[in-house]
Amino acid sequence: MSRTEQLSRRKGEQERSRGRWPALSVLVLAVLLVAVDATVLGLATPSLSEDLRPSGAQLLWIGDIYSFVIAGLLVSMGSLGDRIGRKKLLLAGATAFGAVSVLNACATSPEMMIAARALLGVAGATLMPSTLALIRNIFHDPRERSLAIGIWGATASAGAAVGPVVGGALLQHFYWGSVFLINLPVMLVLVLVGIKLLPESKNPVSGPWDLPSVGLSLVGVIGVVYAVKEAAIHGVTWQIGAAAGLGAAALVLFVRRQFRLASPLLDMRLFRHRGFSGAVLADLLTVFGLSGLVFFLSQFLQLVQGRQPLEAGLAELPAAVGAVATGLVAGRYARRFSVRSIVAGGLGASGLALGVLTLIHQDSGYPLLGAALLVVGLGAGFSFTVTADVILSSVPKEQAGSASAVSETAYELGAALGIALLGSIVTGVYQGFTAPASVPAPIAAAAHESLGGAVEAAASVDPGTAQAMVHAAQGAFVDGLRLASGVGAVILLATAVAAWFLLKGQALQDGAEH
């Protein structure tokens, strides 16, 4: 190589190096877009329930169909980004995300809302794997990449904080659909700035996008998760068994097909890496332990403790603050101590904090709740950031999209299962409350559908009876929340022990890549 060519190459590398941090700012906007959307729904649930009048099962579908669809499509979309270009997929997905957000805001029935949330999941599946894959390809120095992943994770946590606060302010002045419309300005900035700042990257030797694998992945994940969700609510029936069998069969065929393809949608050999598999498992079970509780916490703050939406959003801030604080330093501490000590310690702290929440009651003071949320956030920030770094560092950068998709699939699948199973625990305990004998059967049936339904139904009876019915419903809801917190705590503590063994000897990279 001539000296002129060397100087030209060095100049190009310096220009790309200088642009990596502005490019990161665009990527975190995409993360913010998804995180805000996920958190505002919890605050909007009470007013949405009053307007659309969903049944208890429909309310759960509204909450988790978004995660179901994302989980089913993440691997496919991560692989598609590797093939057509991660920047291209990210910007197209962001545009679609904004457009479908309008459809969510205009929903006029539970069925329309469920469909709109599903479409939002399709768009959302393009965003998260693209952002992590681009970070893997933009940041070649492992220490800088750890910091970038920390910022990425901190932004997701900040979005979880900004969503409830902004959403709460909107809900006090506008209708519930306004919480989806806040996606539009973020999407607009992301697309306009991303066109200029983001570099394109893709796998130069990737093969064709295998559509049968896409279908098998989607059918498999949604079939299994649907069966788990319905069995938790209604018990095992032949229809649920058929859905589980179909989903499991589709996943088996998906795995077998990946081994046969010259250019698989997902390289199954990634799972032979113990650190990769351990990090993925830790992600899945951590989100499983946390998500169902978080979904119902906003209802506790508003419908049990009587807080306004904005106040409820502010009450949930400590978790996000803790996650932001630890996410930014997690990589540094993982190198100073060890990967397994940081991940296992973070999981253990979150598990103990959930254990504390088994002590809450209807009149619990905020210090107990706020302190528990702060510790949950601190622990989650450590574990999520380090496991994401481990997953990305375990694969060549050409496979970053697929690896990122596996990480995000674990996250979304854990969220869906957590809402389904832990949410079903809350719902199952709640539905066992006894309404006053003087309440007419149709009103009592409506009250047993959901806590929001009980508050709405109370307007149809005399004040004394209404107060007794709502108090009984609130007590049952809190009982369910305590039980779900206990189950989540056990899951997180068990995951901490598993991570200690699975991540033994795992270390983050130090040397720069060339």
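Small disclaimer: the values here were computed from a predicted structure and weren't measured. Quick note: numbers below take in every heavy atom, side chains included, and nothing from hydrogens, waters or symmetry partners.
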Original post:
Does Ser485 offer a backbone N or O that forms a donor-acceptor pair with the side chain of Thr358 under 3.5 Å?
Top reply: no
**OP:** Go through the steps for His471 and Phe433 under the test side-chain contact (heavy atoms from CB on, under 4.5 Å), then give the verdict.
**Re:** CA-CA 10 Å; His471 184 76; Phe433 85 89; over 6 Å; no
**OP:** To the nearest 0.5 Å, tell me how far Leu328 CG sits from Thr385 OG1.
**Re:** 8.0 Å
Original post:
How about Ile491 and Thr495: do any of their side-chain heavy atoms sit closer than 4.5 Å?
Top reply: yes
**OP:** State the CG-OG1 distance between Leu190 and Thr131, to the nearest 0.5 angstrom.
**Re:** 10.0 Å
Subject >> Any Phe477 side-chain heavy atom under 4.5 Å of Val426 side chain >> reply: yes
Original post:
Counting N and O atoms only, with roles assigned by atom type, does the side chain of Thr326 sit under 3.5 Å from a partner on the main chain of Leu378, one being a donor and the other an acceptor?
Top reply: yes
Original post:
Looking only at atom types and distance, does a side-chain atom of Gln362 sit under 3.5 Å from a main-chain N or O of Val304, one as donor and one as acceptor?
Top reply: no
**OP:** Side-chain contact test, heavy atoms from C-beta onward, threshold under 4.5 Å: evaluate it for Leu352 versus Val375 and give yes or no.
**Re:** no
Original post:
With a 4.5 Å heavy-atom cut-off, do Leu80 and Met77 have their side chains touching?
Top reply: yes
**OP:** Dump the intermediate steps for side-chain contact (heavy atoms from CB on, under 4.5 Å) on Phe384 and Asp283, then the final yes or no.
**Re:** CA-CA 7 Å; Phe384 281 139; Asp283 275 357; 3.6 Å; yes
Original post:
Just wondering, do Leu301 and Leu369 contact through their side chains at under 4.5 Å, heavy atoms?
Top reply: yes
Original post:
Taking everything shown except Phe501 itself, do over 12 heavy atoms lie less than 6.0 Å from its CZ?
Top reply: no
Subject >> Residues Leu357, Arg482; criterion side-chain contact (heavy atoms from CB on, under 4.5 Å); working and verdict >> reply: CA-CA 7 Å; Leu357 290 181; Arg482 283 200 296 262; over 6 Å; no
Original post:
Short question: side chain of Ser76, backbone of Gly72 - any donor-acceptor pair under 3.5 Å?
Top reply: no
Subject >> Expected output: side-chain Tyr66 to main-chain Leu120 donor-acceptor under 3.5 Å >> reply: no
Original post:
So do the side chains of Ile360 and Phe300 get within less than 4.5 Å of each other, counting heavy atoms only?
Top reply: yes
**OP:** Output yes when a side-chain donor or acceptor of Ser364 lies under 3.5 Å from a complementary backbone atom of His361, and no otherwise.
**Re:** yes
Original post:
Quick check: are there more than 12 heavy atoms from other residues, nucleotides or ligands sitting under 6.0 Å from CD of Gln467?
Top reply: no
Original post:
Between atom CD1 of Ile114 and atom CG of Asn104, what is the distance when rounded to the nearest 0.5 Å?
Top reply: 11.5 Å
Original post:
With a 4.5 Å limit on heavy-atom distance, are the side chains of Arg117 and Val69 in contact?
Top reply: no
Original post:
In terms of heavy-atom contacts, does CZ of Arg307 have more than 12 from other residues, nucleotides or ligands at under 6.0 Å?
Top reply: yes
Original post:
Okay, side chain of Ser217, backbone of Ser213: is any donor-acceptor separation there less than 3.5 Å?
Top reply: no
Subject >> Intermediate values then yes/no, side-chain contact (heavy atoms from CB on, under 4.5 Å), Phe382 and Val343 >> reply: CA-CA 6 Å; Phe382 273 130; Val343 173; over 6 Å; no
**OP:** Answer yes or no: is there a donor N or O on one side and an acceptor on the other, between the side chain of Arg340 and the main chain of Leu502, under 3.5 Å?
**Re:** no
Original post:
Ignoring hydrogens and geometry, is there a side-chain-to-backbone donor-acceptor pair from Thr126 to Leu90 under 3.5 Å?
Top reply: no
